[in-house]
Amino acid sequence: MKNILSTQQALMDKQFDALIVTSPINIFYLTGFSGLSPTEREAILVVKKNKSTLITARLYQQEAQKLASSTLEIKIANERNEYESLIKESLQIGLPAEAFLTSKALASDVVKVGFEASNLTFAEYKNYKKYALPNKFAPTKDLIENLRMNKSKEELQNIQKAQIISQNAFEILIKTIKIGQTEIEISDKLTIIIKSLGANSLAFESIIASGPNSALPHHKIGNRKIKKGEVLLLDFGAKYQDYCADLSRTVFIGRAKDNQRKIYDLVLLAQQKAIAKIKNKIKAKSIHLAVENIFEKENLKDHFIHSLGHGIGLEVHEKPSLSKKSKDILKNNMIFSVEPGLYFPWGGVRIEDLVIIKNGIPQIIGKNSSFIELA
């Protein structure tokens with residue numbers, strides 16, 4: 001339970017006695033307990049300095065009990081309204097069971113309890129505050145997310161595998177693309193290829209954007225057919241062993257126009273210079289600003305309409321953030337996307353790769369992007 005131990009240390013650093021973890025992703029990260037619905041409250045983790053408690057429904061009893069250890073206790077809620085009492089029970093170590101529902105006093109070792117401000121609903125907050133928690137019930141921000149930025153060897157291997165699958169899928173896919181195919185048809189083919197290469201699933205809904213649709217960074221695929229002389233932008237990723245990949249490639253259907261080739265070369269140059277600037281303990285925002293400066297010299301800064309990149313792991317978008325307002329510091333064993341893009345009425349060009357910092361040196365996973373014209 002290395003991740004739980006790190007969280008316990010973070011609690012002490014922040015002067016919390018306990019933390020209520022409600023995010024299913026964070027619960028998995030800390031305990032290995034998976035399969036929870038992202039829209040239902042099916043489990044809660046109470047992290048204390050000396051011992052943690054996983055509370056879940058009878059539906060998951062068998063899976064949860066396998067995780068029990070000297071540092072992780074398992075409690076099963078027979079009904080949804082039992083969660084509050086089991087939280088209280090977990091916090092009031094040492095009180096007799098019959099005291100949990102009547103005593104308002106907390107055990108002396110628990111005074112200040114944190115909760116995940118970005119995940120707990122207001123209704124849950126009121127219930128926990130009323131029935132289970134002390135007056136010093138305080139929000140935390142990114143406490144676990146900050147720990148997740150530093151990836152273990154196994155995490156890095158899983159992300160690398162997912163990204164290599166994605167790159168291999170792209171190379172197979174472009175050999176099948178033909179004029180007249182729809183975005184949906186290309187997306188469906190891509191999904192089949194990714195799964196055939198060993199991915200568990202897609203990391204997110206693929207973006208297949210043709211012509212002017214490629215000017216929309218988060219375009220929703222439709223029935224538009226690809227045409228000769230247009231740009232085709234693909235943004236997708238495989239998921240392997242619960243870890244995500246993210247890859248963007250821009251190709252041209254037929255011969256690219258001179259201005260399109262110029263934009264592609266500029267975006268690629270911006271990515272290369274950004275990656276070359278990355279090192280251990282550098283401010284993330286400085287990498288974004290470096291790309292902005294490149295585009296500004298060409299009077300194209302206003303056509304760069306999103307942040308340069310984001311962390312990746314159990315989620316497609318996680319810390320660190322490579323944006324102009326980011327306060328994150330890039331460090332060894334972090335992995336994140338570097339994805340400059342420029343967007344115009346005729347379409348957009350975006351090139352995205354994942355970068356790992358190893359011993360202070362940035363490394364792209366797999367192959368670099370190359371200019372592609374599809375006949």
Side-chain angles (χ1 to χ4, degrees), residues 1 3-31 33 36-57 60 64 67 71-149 314-315 318-319 327:
M1 294 296 176
N3 293 335
I4 281 188
L5 293 176
S6 298
T7 305
Q8 290 170 336
Q9 181 60 52
L11 287 177
M12 288 187 281
D13 293 342
K14 299 290 185 181
Q15 297 184 324
F16 281 90
D17 299 297
L19 174 68
I20 307 298
V21 182
T22 50
S23 162
I25 295 291
N26 285 341
I27 290 173
F28 172 73
Y29 176 74
L30 295 174
T31 68
F33 187 50
L36 298 172
S37 167
T39 58
E40 298 285 339
R41 188 67 74 211
E42 296 178 323
I44 293 169
L45 179 66
V46 180
V47 180
K48 292 183 64 179
K49 293 178 182 178
N50 54 353
K51 191 171 187 178
S52 299
T53 304
L54 177 64
I55 303 168
T56 190
Y60 299 103
L67 300 172
T71 57
L72 182 64
E73 183 181 14
I74 307 299
K75 291 184 182 295
I76 304 300
N78 293 315
E79 303 291 341
R80 285 187 180 272
N81 59 9
E82 285 187 337
Y83 277 77
E84 287 87 352
S85 62
L86 290 177
I87 291 172
K88 190 171 184 179
E89 179 180 325
S90 301
L91 292 171
Q92 297 182 2
I93 303 298
L95 290 180
E98 59 269 22
F100 295 144
L101 299 178
T102 59
S103 174
K104 294 183 179 180
L106 287 170
S108 60
D109 63 336
V110 176
V111 177
K112 186 178 180 182
V113 178
F115 66 91
E116 295 183 288
S118 62
N119 188 268
L120 197 71
T121 69
F122 184 61
E124 288 173 319
Y125 170 84
K126 290 195 298 181
N127 279 338
Y128 295 172
K129 181 79 172 171
K130 182 177 180 181
Y131 296 112
L133 297 165
N135 290 330
K136 290 187 178 180
F137 184 35
T140 65
K141 182 180 180 182
D142 295 333
L143 192 149
I144 299 172
E145 286 76 5
N146 286 336
L147 297 176
R148 284 167 49 189
M149 283 195 288
L314 291 170
E315 296 177 283
E318 54 183 60
K319 299 189 72 173
K327 296 181 180 179

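FYI, the numbering just counts along the sequence from 1. Bear in mind that the values here come from a model prediction, so they are computed numbers and not experimental data.
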When every non-hydrogen atom of Ala43 is compared with those of Leu54, the smallest separation belongs to CB-CD1, 4.3 Å
Value rounded to 0.5 Å, distance of NZ in Lys48 from OG1 in Thr71:
14.0 Å
Treating Glu315 as the side-chain partner and Ile25 as the backbone partner, does any N or O pair qualify as donor plus acceptor under 3.5 Å?
no
For Glu40, what residues pass the side chain to side chain donor-acceptor pair (under 3.5 Å) criterion, not counting sequence neighbours?
Arg80
Could you tell me whether the side chain of Glu42 and the main chain of Leu36 form a donor-acceptor pair under 3.5 Å?
no
Between Gly114 and Thr140, which heavy-atom pair has the shortest distance, and what is it?
CA-CG2, 4.0 Å
Could you grab the distance from atom CD1 of Ile76 to atom CD of Glu82, nearest 0.5 Å is fine?
10.5 Å
Arg41 to Ile44 - nearest heavy-atom pair and separation:
CD-CG1, 4.2 Å
Going from CZ on Phe33 to CG on Leu45, what distance comes out if it is rounded to the nearest 0.5 angstrom?
10.5 Å
Step by step, would you call Tyr125 with Phe115 a ring pair (Phe, Tyr, Trp, His ring centres under 6.0 Å)?
CA-CA 9 Å; Tyr125 170 84; Phe115 66 91; 5.3 Å; yes
Let's go through Tyr29 and Val21 carefully: what are the C-alpha distance in whole Å and the side-chain angles of both, what is the deciding distance for side-chain contact (heavy atoms from CB on, under 4.5 Å) to 0.1 Å, and is it a yes or a no?
CA-CA 11 Å; Tyr29 176 74; Val21 182; over 6 Å; no
Please report the closest heavy-atom contact between Ala117 and Pro139, naming both atoms and the distance.
CB-CB, 3.7 Å
Residue pair Leu143, Lys14: steps toward the side-chain contact (heavy atoms from CB on, under 4.5 Å) verdict:
CA-CA 9 Å; Leu143 192 149; Lys14 299 290 185 181; 4.2 Å; yes
In Asp17, Val113, Thr53, the residue satisfying side-chain contact (heavy atoms from CB on, under 4.5 Å) with Leu91 is Val113
Nearest heavy-atom neighbours spanning Glu318 and Arg148:
OE1-NH2, 2.7 Å
What's the spacing between Ile20 CD1 and Asn119 CG if we round to 0.5 Å?
12.5 Å
If you measure from CD on Glu73 to CD1 on Ile55, what distance do you get to the nearest 0.5 Å?
9.0 Å
Nearest 0.5 angstrom please: Thr7 OG1 to Leu19 CG, how far?
7.5 Å
Taking all non-hydrogen atoms of both residues into account, name the closest pair between Tyr83 and Ala57 and its distance.
OH-N, 3.4 Å
Under the side-chain contact (heavy atoms from CB on, under 4.5 Å) criterion, do Val46 and Lys75 qualify, and how do the steps go?
CA-CA 11 Å; Val46 180; Lys75 291 184 182 295; over 6 Å; no
